[in-house]
Amino acid sequence: MTEKERISRIVEILREAKKEWAVPVVTLMGQMGTDPFKILVATVLSLRTKDEVTAEAARRLFQVADTPEKLLKLSEEEIASLIYPVGFYNRKAKNLKEIARILVEHYGGQVPSDLEELLKLPGVGRKTANLVVTQGFKKPGICVDTHVHRIMNRLGFVKTKTPEETEFALREKLPKEFWIEINDLLVALGQHICRPISPKCSQCPIEHLCKKVGVKRSR
DNA sequence: AAAACGGGGGC
DNA sequence: GCCCCAGTTTT
């Protein structure tokens, strides 16, 4: 079996398996719709925060401000109280206000669709920027979070030390037809089965296709 | 009581 | 490359 055949099998199986998993992140993104601004804001809110908490905070914030212009009118304190209790709520409130200001002043109130432009925004790194590119604009991109990084290495599909390296390796190795959906599939797998510690390999639908590189178990 | 969680940024 | 960040959940 070639690498391309293997990853194709993996994607097929995960597409099926995902249907059985009630994945909060899918629910979250579904609620956010495809508006790039909402995806951007919700993704910023989601960092180090549970999806249910993120969804609730996003709902409250969007009720008051669902555009950069409206968001800019709120004070940092108001934003912070609306998004509480997501992690780093003070820092995120500050960043969101600054993001709103930049969007209004430099991008005509629109979210840029270009990765490099997105990366200039405060609190926006490669994970967030690529999620906006792939989910907000449906443009080619690979959103590598720790799930994607961890699982791609466990599978033996890449051998990388950082999520950024993984992104670049996947740009070379992963068939382009899978770029946009790979994050969603592996996040689902990561949350249900392929956890950082003590993954439930015996329940994993792709165990037979996995090299189990560096799997750790707690003592 | 401690570890786990986990992206971005500062150094 | 290393380490900090906030607060809740899991072990």
Side-chain angles (χ1 to χ4, degrees), chain A residues 21-29 32 36 38-58 60-61 76-77 79-103 111-112 114-136 141-154 158-170 182-201 203 214-219:
Chain A
W21 295 331
V23 186
V25 71
V26 172
T27 308
L28 172 62
M29 295 320 290
M32 291 315 112
K38 288 188 175 181
I39 290 179
L40 173 59
V41 172
T43 306
V44 169
L45 291 178
S46 75
L47 304 185
R48 290 198 76 172
T49 304
K50 283 200 157 339
D51 295 319
E52 298 86 342
V53 176
T54 304
E56 180 59 32
R60 277 201 307 275
L61 182 60
E76 277 181 37
E77 292 73 18
I79 297 173
S81 68
L82 282 167
I83 65 177
Y84 183 85
V86 300
F88 306 115
Y89 54 91
N90 278 324
R91 181 198 303 178
K92 287 175 185 174
K94 184 172 194 269
N95 284 340
L96 286 174
K97 171 117 175 151
E98 178 64 7
I99 286 171
R101 192 188 65 75
I102 295 171
L103 293 184
V111 175
D114 186 71
L115 183 69
E116 296 306 317
E117 297 301 315
L118 287 164
L119 289 172
K120 293 177 184 170
L121 302 172
V124 176
R126 302 198 69 84
K127 185 261 182 178
T128 304
N130 272 303
L131 200 66
V132 171
V133 167
T134 57
Q135 304 305 312
I142 305 176
C143 176
V144 176
D145 60 11
T146 57
H147 291 296
V148 174
H149 177 60
R150 177 181 70 255
I151 295 171
M152 280 300 183
N153 274 282
R154 279 184 178 165
V158 299
K159 293 174 194 61
T160 51
K161 300 194 308 294
T162 67
E164 186 176 352
E165 280 180 59
T166 301
E167 184 189 330
F168 295 144
L170 290 178
I182 197 67
N183 177 272
D184 189 43
L185 293 175
L186 295 192
V187 168
L189 182 68
Q191 291 179 339
H192 286 85
I193 307 284
C194 197
R195 303 179 309 191
I197 301 208
S198 301
K200 304 171 184 173
C201 293
Q203 299 174 36
V215 169
K216 291 198 192 85
R217 301 200 142 65
S218 59
R219 47 205 155 98

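Per chain, numbering begins at 1; letters A, B, ... match sequence-line order.
- Summarising the geometry, the separation between CD on A/Glu52 and P on C/dT9 is reported as 10 Å, rounded to the nearest angstrom.
- For A/Ile193 against A/Gln203, the heavy-atom pair with the smallest separation is CD1-O, 3.8 Å.
- When the P atom of B/dG8 is taken as reference, atom CG of A/Leu118 falls 12 Å away, rounded to whole Å.
- Nucleotide C/dT8 holds its P atom 14 Å from the CD1 atom of A/Ile83, rounded to whole Å.
- For the pair A/Leu45 CG and C/dG7 P, the computed distance is 15 Å after rounding to whole Å.
- Using a 4.5 Å cut-off on side-chain heavy atoms (C-beta onward), A/Pro163 and A/Val148 make no contact.
- Ranked by how close their nearest DNA chain C nucleotide is to the 5' end, A/Tyr84 and A/Glu165 are led by A/Glu165.
- The listed nucleotides are C/dT9, C/dT8, B/dG7; the one nearest the side chain of A/Thr128 is B/dG7.
- The heavy-atom pair separating A/Gly123 from A/Thr128 by the smallest distance is O-OG1, 4.5 Å.
- Taking atom CG of residue A/Asp145 and atom P of nucleotide B/dC5, one finds them 13 Å apart after rounding to whole Å.
- Taking side-chain N and O atoms only, A/Thr49 has no distance below 4.0 Å to OP1 or OP2 of C/dG7.
- Between A/Lys50 atom NZ and C/dG7 atom C1' the separation is 11 Å, expressed in whole Å.
- Side-chain contact between A/Leu96 and A/Leu45 is present, with at least one heavy-atom pair separated by less than 4.5 Å.
- Among the heavy atoms of the strands, none lies under 4.0 Å from A/Val86.
- A side-chain N or O of A/Thr166 and one of A/Thr160 form a donor-acceptor pair less than 3.5 Å apart.
- OP1 or OP2 of B/dG7 sits under 4.0 Å from a side-chain N or O of A/Thr146.
- Atoms CG (A/Leu121) and C1' (B/dG8) sit 13 Å apart, rounded to a whole Å.
- Every pair passing salt bridge (Lys or Arg N to Asp or Glu O under 4.0 Å) that includes a residue from residues 116-135 of chain A is listed here, sequence neighbours excluded: A/Glu117-A/Lys120, A/Arg126-A/Glu167.
- In plain terms, the two heavy atoms of A/Pro122 and A/Glu98 that are nearest each other are CG-CG, 3.5 Å.
- Residues A/Leu189 and A/Leu185 have side chains not in contact (no heavy-atom distance under 4.5 Å, counting atoms from C-beta outward).
- When distances are taken from the side chain of A/Lys127 to each of C/dT11, B/dG7, C/dT9, the shortest belongs to B/dG7.
- Using a 4.0 Å heavy-atom cutoff across all strands shown, A/Pro196 reaches sugar-phosphate atoms only and no base atom.
- Taking all atoms of both residues into account, the shortest heavy-atom contact from A/His149 to A/Lys161 is NE2-O, 3.4 Å.
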- Message: Let's test your reading of the pairing rules: Watson-Crick or G-U wobble, both distances under 3.5 Å, then write DNA chain B as a dot-bracket string with ( ), [ ], | and dots.
- Response: |||||.|||||
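- When all heavy atoms are compared, the tightest approach of A/Asn130 to A/Cys143 is CB-CA, 3.7 Å.
- The residue A/Pro122 sits close only to the backbone: its heavy atoms come under 4.0 Å of sugar-phosphate atoms, none of a base.
- Applying a 4.0 Å cut-off to non-hydrogen atoms, the residues of residues 87-100 of chain A that approach DNA chain C are A/Phe88, A/Tyr89, A/Arg91, listed by residue number.
- Both A/Leu119 and A/Arg150 lie close to DNA chain B; mapped to their nearest nucleotides by heavy-atom distance, the more 5′-ward contact belongs to A/Arg150.
- Rounded to a whole Å, the CG atom of A/Asp51 is 14 Å from the P atom of C/dT9.
- Among the nucleotides C/dT8, C/dG1, C/dT11, the one closest to any side-chain atom of A/Lys161 is C/dG1.
- Rounded to whole Å, the P atom of B/dC5 lies 23 Å from the corresponding atom of C/dG1.
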